[in-house]
There are 2 protein chains.
Amino acid sequence: MAGLENLTLGKEIVVRITDLAAISETKEHLARIFLTPEHRSAAELILRWMREAGMHAHLDAIGNVCGRYEGATPGLPCLMLGSHYDTVRDAGKWDGPLGIVTAICCVADLNRRGKRLPFAIEVTGFADEEGVRFASTLLGSRAVAGTFDESVLNGRDRDGISMREAMRDFGLDPDHIGAAARARRELMAYLELHIEQGPVLEANNLPVGVVTAIAGATRMAARLTGMAGHAGTVPMALRRDALVGAAEAVCAIEEFCRTDGNGLVGTVGYIHAAPGATNVIPGQVSFTIDLRAPTDTHRKRAVADIVRQIEAIARRRKLSLQLDVTHENRTVPCAPWLKAQVAEAILAEGFAVFELPSGAGHDGMAMIDIADVAMIFVRCRGGISHHPDEHVELADADAGARVLLRVIENFRARE
Amino acid sequence: MAGLENLTLGKEIVVRITDLAAISETKEHLARIFLTPEHRSAAELILRWMREAGMHAHLDAIGNVCGRYEGATPGLPCLMLGSHYDTVRDAGKWDGPLGIVTAICCVADLNRRGKRLPFAIEVTGFADEEGVRFASTLLGSRAVAGTFDESVLNGRDRDGISMREAMRDFGLDPDHIGAAARARRELMAYLELHIEQGPVLEANNLPVGVVTAIAGATRMAARLTGMAGHAGTVPMALRRDALVGAAEAVCAIEEFCRTDGNGLVGTVGYIHAAPGATNVIPGQVSFTIDLRAPTDTHRKRAVADIVRQIEAIARRRKLSLQLDVTHENRTVPCAPWLKAQVAEAILAEGFAVFELPSGAGHDGMAMIDIADVAMIFVRCRGGISHHPDEHVELADADAGARVLLRVIENFRARE
């Protein structure tokens, strides 16, 4: 293992992550929201870093920052690296920026050594992945992939400002988002480094991991209706308690996912029992279900099985059931040929190769439409993310950068 | 069964219940709250009915209406009948008034026949049982039982008016509540007729039932704390999901009560999961537990067993548990000698004798301190109460009145 004196890349990354984190809506709570003054300040800082690293850099038609480090000859197809620089509210500083900053540091290193490769390198900082402002995610990468949904322009933020207005105020033309789109032939691959946002690498004592797929997700809204009643006067046998039905469903979902053993995860994150008084049997309960699996087949089968179980619970308890799919995302598999090159680099850096799915969504979900995709995960403390306590150790940031640099220097196009 | 032409008592009851229901804070939602103009109007109406039924009647020191029908000689101890005439908000019209109105109709019937008994009959309409205004229940019956808690006088309603002030405005002297208290030697028994507020009589196809006891209750507030996390990135095996723990507890409480078979009922009426987002594993869940049983021993054993089960769930799931008893009421058993006289009357009226506990609280919980207590339950439609849909059939109101009248006419003092 490298001693601290060798952590050049890691140290540079930590300094820049800290600089970027200073650009926030408020000092107390990190928030960097799409098409705000903080968006502009962060873009300017990243564009400066890109140029210092020897790249041509510009803001694209939707507010993404795009840097290009030419290869041995100008105009070659590129290996695109990237991540996002917007945040959730009260965010951590690593989710997104780590991928951009690490990529820039790698390019800067190549540039310092005067090294040119037989392909170009591009670094894209996506302007909106989290979707905080207009309740629609992946806006930056969808624009680059040419799949931006124009109807989002009419969406309004919490102050009633439409995305169209916000773009104009920012100095962008909402009628020319198409100009941000890239063609498949321009990209050899899209490779993203990101914090894991989960505890698996930590539990396996590893600084980095190879992502197998960005898990697809199905979200459902369930409502069970029974009969409210007095908590003292209705005997157990005559009750149609909607909360006990929901509780049984919550337990069934956990049990189903726990015994799956193939990366299926299921979560009930929200529950509400009405009328909600201590001494009243709940007559109606609403709850959400979030199911994710590394393959779509697996997820769809799980959704069907779990729906069947909830239907059986409702039937047995004489509850009426309303169950709606509110959101569905396909699984984005990482390309085997890219995974193999990432694995090679990890081995060469002296770490065990560990594969894991990404349960969280990432810009690769949009980029898959114009390129093969791969991801490198970096360990984060306690698996904590979307929280000020989000943290990556200097040594792990450095390990991630060394792996990424090695992937870049040894990169071979798909055969 | 009696034909409609014979339902004299029932018809009179329905007319009076309807008259009383017209006295309400608003026309749309029945609400008759302690120490309000509606309290006064209702009291005046009931006092008039009492006098028309041949009773001496007065408003006592806390606003209860008290009517006395002398026995064969003046000054004899009384059989006290009663219930309350305050309501919850958006109430039904039967909960409380049925007991008062039925008792007055029975006395009126005796009076019409010029019948005097070897004891007096008193009818008490308690001014506050529900405790809506000052968040303390049984104020009327506690004053009669001499157990009124003076500290309640300092309690304030939602407009900031203290009970002390409200009493003065009503024309009552808060320093003389003691004058409402009655002595044990004045009462031979306290007998209350009330709607069941549950579905048991309906399920058994019976108009009336004999109450075995007013069930004691223990209420608890539980809080389970685990670890919040991303719904996609934390594998099932690494989760400490507070909601699944709570769901398991909800199921365990139901299972425990359902298999008890001895009248134990348990309810989780309120639950809240934080942070409460679809895609976040709940880190903390709060919920309430309401447990009631026909005997205190039974309830206390059940509370201990259920607490042990929840502790085991928390331990197994590595959740921390905070569990507090927020409320506790002893069980009030109905006196066997009184139950026997009620059962006799029910049989004589041609109905099967059916015993059931009262899960809801009643004025008998206070009256037990100065008298043996019994209750007659009358079937209500669908077990619905504390709701505008609360309903009693004319024939059932009549059946209740005939049973009560028979109990009165055949009443023998405790041996």
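Letters A, B, ... mirror the listed sequences (proteins, then strands); counts begin at 1.
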Does any backbone or side-chain atom of Ile384(A) lie under 4.5 Å from a heavy atom of chain B? Answer side chain, backbone, both or neither. neither
Select one option (side chain, backbone, both, neither) describing which atoms of Ala277(A) are under 4.5 Å from chain B's heavy atoms. backbone
Heavy-atom check, side chain of Gln197(A) versus side chain of Val234(B), under 4.5 Å: no
More than 12 non-hydrogen atoms from neighbouring residues, nucleotides or ligands closer than 6.0 Å to CZ on Arg316(B), yes or no? yes
Cut-off 4.5 Å, heavy atoms of chain B, and the answer for Ala203(A) is side chain
Is it the backbone or the side chain of Thr278(A) that comes under 4.5 Å from a heavy atom of chain B, or both, or neither? both
Taking Asn279(B) as the fixed residue, which of His327(A), His386(A), Arg292(A) is the one that meets the side chain to side chain contact (heavy atoms under 4.5 Å, CB included) rule? Arg292(A)
Measuring heavy-atom distances to chain B, does Ala217(A) have an atom under 4.5 Å in its side chain, in its backbone, in both, or in neither? neither
With a 4.5 angstrom heavy-atom cut-off, which part of Val280(A) approaches chain B: side chain, backbone, both or neither? backbone
Contact part of Thr288(A) toward chain B, heavy-atom cut-off under 4.5 Å: side chain, backbone, both or neither? side chain
Is the shortest heavy-atom distance from the side chain of Thr233(B) to the side chain of Ser358(A) under 4.5 Å? no
Is there a side-chain contact between Leu243(B) and Glu254(A) in this structure, where contact means two heavy atoms from C-beta onward sitting under 4.5 Å apart? no
